[in-house]
Amino acid sequence: MAKPNYQFEKRQRDLAKKRKQEEKRQQKLAARAGGAGGDPAAATPPEAGADDNVVATTTPEGGARGQ
């Protein structure tokens, strides 16, 4: 009876794992570049220091105020 080739099996598992990781990386890059698929807010990180809750408007007197 032939004995198992554990090194070959491990190598195949490692290659499959790397291939899967590369596919996920490519999908993430495509989502970031194209903006398609998944949650678009999660695909594009917010800019540093930007606060989405603050809206700058102008008052009738012409001054600026934040809400």
Item to check | Chi angles and distances behind the salt bridge (Lys or Arg N to Asp or Glu O under 4.0 Å) call for Lys10, Asp14 | outcome: CA-CA 6 Å; Lys10 183 178 186 325; Asp14 289 343; 3.2 Å; yes
Checklist entry - Is the count of non-hydrogen atoms from other residues, nucleotides or ligands lying under 6.0 Å from Glu9 atom CD greater than 12? => result yes
Next on the checklist: Would you compute the distance between atom CD of Gln21 and atom CD of Glu23 and round it to the nearest 0.5 angstrom?
Outcome noted: 11.0 Å
Checklist entry - Between CZ of Arg13 and CZ of Phe8, what distance do you get to the nearest 0.5 Å? => result 11.0 Å
Next on the checklist: Using the rule given for side-chain contact (heavy atoms from CB on, under 4.5 Å), can you reason through Gln27 versus Leu29, listing the C-alpha separation, both sets of side-chain angles and the distance that settles it, and then say yes or no?
Outcome noted: CA-CA 5 Å; Gln27 287 176 352; Leu29 287 175; over 6 Å; no
Checklist entry - Does a side chain donor of either Gln26 or Glu22 reach within less than 3.5 Å of an acceptor in the other side chain? => result yes
